[in-house]
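The structure appears right after this line, and notes come after that.
Just so you know, these numbers use all the heavy atoms, side chains as well, and skip hydrogens, waters and symmetry mates. By convention in this document, chain letters (A, B, ...) are assigned in the order of the sequence lines, proteins followed by strands, and residues within each chain are numbered from 1. Being a predicted model, the structure only gives us computed values, none of them experimental.
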Amino acid sequence: MRNSAKHQWIYAWLLLSPAMIFLITFTHYPAVQTIISSFFSTGRGRRKSVFIGWDNYDTLLLDEVFWKVLVNNFWYAVWTIPLSIILSLAMALWVNDKLRGRSFLRMAYFTPTVLPLIAVANIWLFFYTPGFGLIDQIRGLFGFAEQNWMGSPDTALYSMIAVAIWKEAGFFMIFYLAALQTIPPSLREAASIEGASKFYYFRRVAFPLLMPTTLFVSINAVINSFRLVDHIFVMTEGGPNNSSSLLLFYIYEVAFDYWDTAYAATLTVVMLVILTTVAIGQFFFLDKKVHYK
Amino acid sequence: MSGAEVTLKNIFKSWNESPALNDISLDVPAGKFTALLGPSGCGKSTALRIVSGLEEPTSGQVFIGGHDVTHTLPAARDIAMVFQSYALFPHLTVAENIVFGLRVRGLVRKQRDEKLKATAQLLGLSELLDRKPSQLSGGQQQRVALGRAIVADKSIFLMDEPLSNLDAKLRAEMRDEIRALQHRLGVTMLYVTHDQVEAVTMADQVVLMNHGRVEQMASPRVMYETPATLFAAKFIGTPPMVTFSPKLLSHCLTPNFLQKSHGLTFGIRPESLSLSDNGLINGTVRNVEYLGADTLIECKVGEEILLCRAPGWTQLTEGTPISLAFNVKDLHVFNTASGQRTAEMLPEIEMALSSQNASSKLAR
C-alpha cells in the first residue's frame with residue numbers, strides 16, 4: 001500500500017517535471033533573479049556588481065523618463081483595453097448575425113492577429129506617412145492640412161494606440177465569437193417573445209453570459225498593454241522626446257542600449273508589481289460578477 | 001384571461017427550395033387544447049414557430065383573434081411560449097426568469113412581485129425562487145418555463161414538446177398538470193408533440209401532420225375511431241391499427257368481389273379482434289406479449305401478421321392455430337394508392353362478411 005502510494009508520487013513528479021523545468025528556468029528563476037539584481041549595481045569591466053540596497057529605486061523615483069513612460073503606459077492602457085474589448089465585442093456580434101459574406105468578414109477581422117506586429121507596423125508606417133500616407137491622402141480630399149502623425153509629440157502615442165487596437169481587436173473577437181455561439185438561440189427567441197429589444201437582450205442576457213470571456217479577454221488586454229511594444233521599435237523608437245515610449249520599451253532601452261542592467265531590473269520589478277496587482281484585482285473583482293455555466 | 005382563436009390559412013414554408021410546410025390550413029378554437037402531432041420532421045414545430053412569429057411563412061396568412069398577424073412581431077401577438085429546452089436564462093434566478101417579460105414591459109415592482117408570488121404558488125415554486133436554473137431538476141425547470149408563460153397573462157400558450165426531456169413518471173404528472181392549468185386559465189393551447197399518447201390524452205383537438213401536410217384534424221375520439229388516412233390509422237393507438245390486404249379474407253369473399261377490392265387496404269384495431277372458435281380469420285400464434293391487463297397476440301395469417309388484444313389471462317403458446325373474429329363495423333377501408341379512407345364498397349363488404357359470419361355461426 002505504502003509502496004504504491006510512493007510510486008504515484010514518483011509518477012506525478014516525472015510527469016510534472018518537463019513543464020516545471022522549463023517554467024523554473026525561463027520564468028521563475030529569471031523573475032527572482034530580476035528582483036535580486038535590482039538591489040545590486042550594474043557590473044562594468046573590472047568593477048564587480050555590489051549590493052547597493054534601495055539605491056536603484058531612489059534613482060527610479062527621480063528619473064523623469066521613468067515617470068514619463070509610466071504616464072504614457074497608463075494612457076496607452078486606458079485607451080487600448082476598453083476600446084479593443086468594445087470593438088472586438090461589436091465585431092463579434094456583427095459577424096455572429098446571419099449576413100452575407102460572414103465568413104469573409106470573420107477572416108478579414110482576424111487577419112491582423114495572424115500578421116506579425118513588425119509587419120503590421122510597416123503597413124501603418126505607410127498609413128501615417130505625412131503628405132502621401134493613406135490617412136493624409138484621405139484627409140487631403142476634404143481639404144485638411146498635412147499632419148505628421150508619428151513625428152508630433154501630441155499624436156505619436158495615439159498613433160501607437162490605434163495600431164495596437166487594430167492588432168488586438170480581431171484576436172479578442174474570436175473569443176467572443178466562440179462564446180456567442182455557445183449561447184442557445186432559444187434564449188434570444190424567448191426574449192423576443194417577451195418583447196425584449198435587441199439591446200435589452202444584449203444587456204440582460206448576452207452580455208452577462210459573456211462575462212467569463214470578458215474577464216479572460218480583459219486580463220489579456222491588460223497584459224498586452226504592457227507587452228505589445230514591437231511596433232514602437234519600427235515606427236517611433238519611443239520618440240519624439242519619449243512621447244510614445246512605454247515601460248517595456250524603456251526597459252529594453254536601458255538594458256540593451258545603455259547596458260544598465262541593474263536599473264533595467266529595477267524597472268522590470270515595477271512592471272511585475274503593476275501586472276500582478278492588476279491581474280489579481282481583476283480576478284477577484286470581476287470573478288464575483290461572472291456566471292460560469 | 002381567456003383564449004383567442006388561431007387560424008392558419010394556406011401556409012407554405014420552404015428553406016432553400018426544400019418545402020417544410022405545404023399548404024397548411026388549420027383552426028385552433030379559442031380556449032381549447034389543440035395538439036400538433038406528427039413524426040419528427042413533419043413540420044409541426046415549424047408551424048408552431050410560424051404562429052409565434054419566430055418564423056415567417058413563405059406564403060399564407062396567420063390570424064390570431066381574427067386579426068391578420070402574419071407580419072406582426074412575436075411580442076405583439078398575445079402569445080406565450082414554452083420551449084423544448086425551456087430556454088431559461090442560466091445566469092438569472094428563478095424569480096428573475098419568471099418576471100423577465102414583466103420587466104421588459106416596465107411593470108412596477110409591486111405588481112411584479114404580486115404576480116410572481118401568485119405564479120410561484122400556483123406551480124409550487126415558492127421555495128425555489130432564489131435558485132439558479134442549473135440548481136433545479138428537469139421537472140422544476142419545466143415549471144419555471146411554465147411560470148414565465150403564465151405570468152405574462154397572454155391568451156395563447158404555445159408549447160414545443162415541453163415534456164420530451166422528462167422521465168416517464170414525471171411526464172405523466174406534468175401532462176395532468178398542464179391540462180389542468182389550461183382548463184383553469186382558459187387559455188388557447190397549441191401543443192406540439194410527437195407522442196400520440198400525449199396528444200390523445202391531453203387535447204380537445206388533434207392536428208395530425210405528415211410531410212408538411214395536415215393528415216387529419218379531429219377530436220382524439222374521432223381520430224381514433226375513424227382515421228381519415230392510412231397514416232393516421234398507423235400513427236394513433238398503442239399498438240397502432242393493423243392493416244392488411246383484402247386477399248387475407250379471400251376464403252370468405254367471392255372472386256369477383258376480390259377483383260373489385262383490388263387497390264384497397266383493410267385495417268383493424270387489435271382490440272376489435274377477438275379469439276373465437278370459428279372466426280373469419282384463421283392463423284397461427286407467432287408471438288405472445290404479456291402486458292398484465294392485456295395480452296398482445298401476434299398472429300400469422302398467410303403472409304401477413306395481425307395483432308389481437310386479448311384479456312391478460314389468455315395463455316397461448318407459439319405455433320398454436322387460432323381463429324379470430326371481428327365485428328364488420330370495426331373494419332376500416334382505405335384506398336391503398338391515395339391512403340384515404342373510403343366508403344366505396346363498404347356496403348358490399350359488410351354484406352359479404354356478415355353473411356359469412358352468419359353462416360359460420362350457423363355451422364357451429
Test log, rule ring-ring contact (aromatic ring centres under 6.0 Å, His included), inputs Y201(A) and F100(B): CA-CA 10 Å; Y201(A) 168 75; F100(B) 183 87; 8.3 Å; no
Evaluation steps, side chain to side chain contact (heavy atoms under 4.5 Å, CB included), between R103(B) and R204(A): CA-CA 11 Å; R103(B) 276 186 72 164; R204(A) 290 253 0 242; 3.5 Å; yes
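With sequence neighbours excluded, no residue forms a salt bridge (charged side-chain N to carboxylate O under 4.0 Å, His left out) with R106(A).
Heavy atoms only, all atoms of each residue included: F89(B) and L187(A) are closest at CE2-O, 3.6 Å.
Contact residues of residues 47-63 of chain B toward chain A are R49(B), S52(B), L54(B) (heavy-atom distance under 4.5 Å).
Under a cut-off of 6.0 angstrom, the local environment of NZ in K115(B) is crowded, with over 12 non-hydrogen atoms contributed by other residues, nucleotides or ligands. The local environment of CH2 in W79(A) is sparse, with at most 12 non-hydrogen atoms from other residues, nucleotides or ligands closer than 6.0 Å. The environment of NE2 in H67(B) is sparse: at most 12 heavy-atom neighbours from other residues, nucleotides or ligands sit within 6.0 Å.
The pair R105(B)-E194(A) counts as a salt bridge, with a side-chain nitrogen and a carboxylate oxygen less than 4.0 angstrom apart.
Ranked by heavy-atom pairs shorter than 4.5 Å toward chain A, the options V82(B), L102(B), L73(B), V104(B) are led by V104(B).
Residues H91(B) and M211(A) are not in side-chain contact: their nearest non-hydrogen atoms beyond the backbone lie 4.5 Å or more apart.
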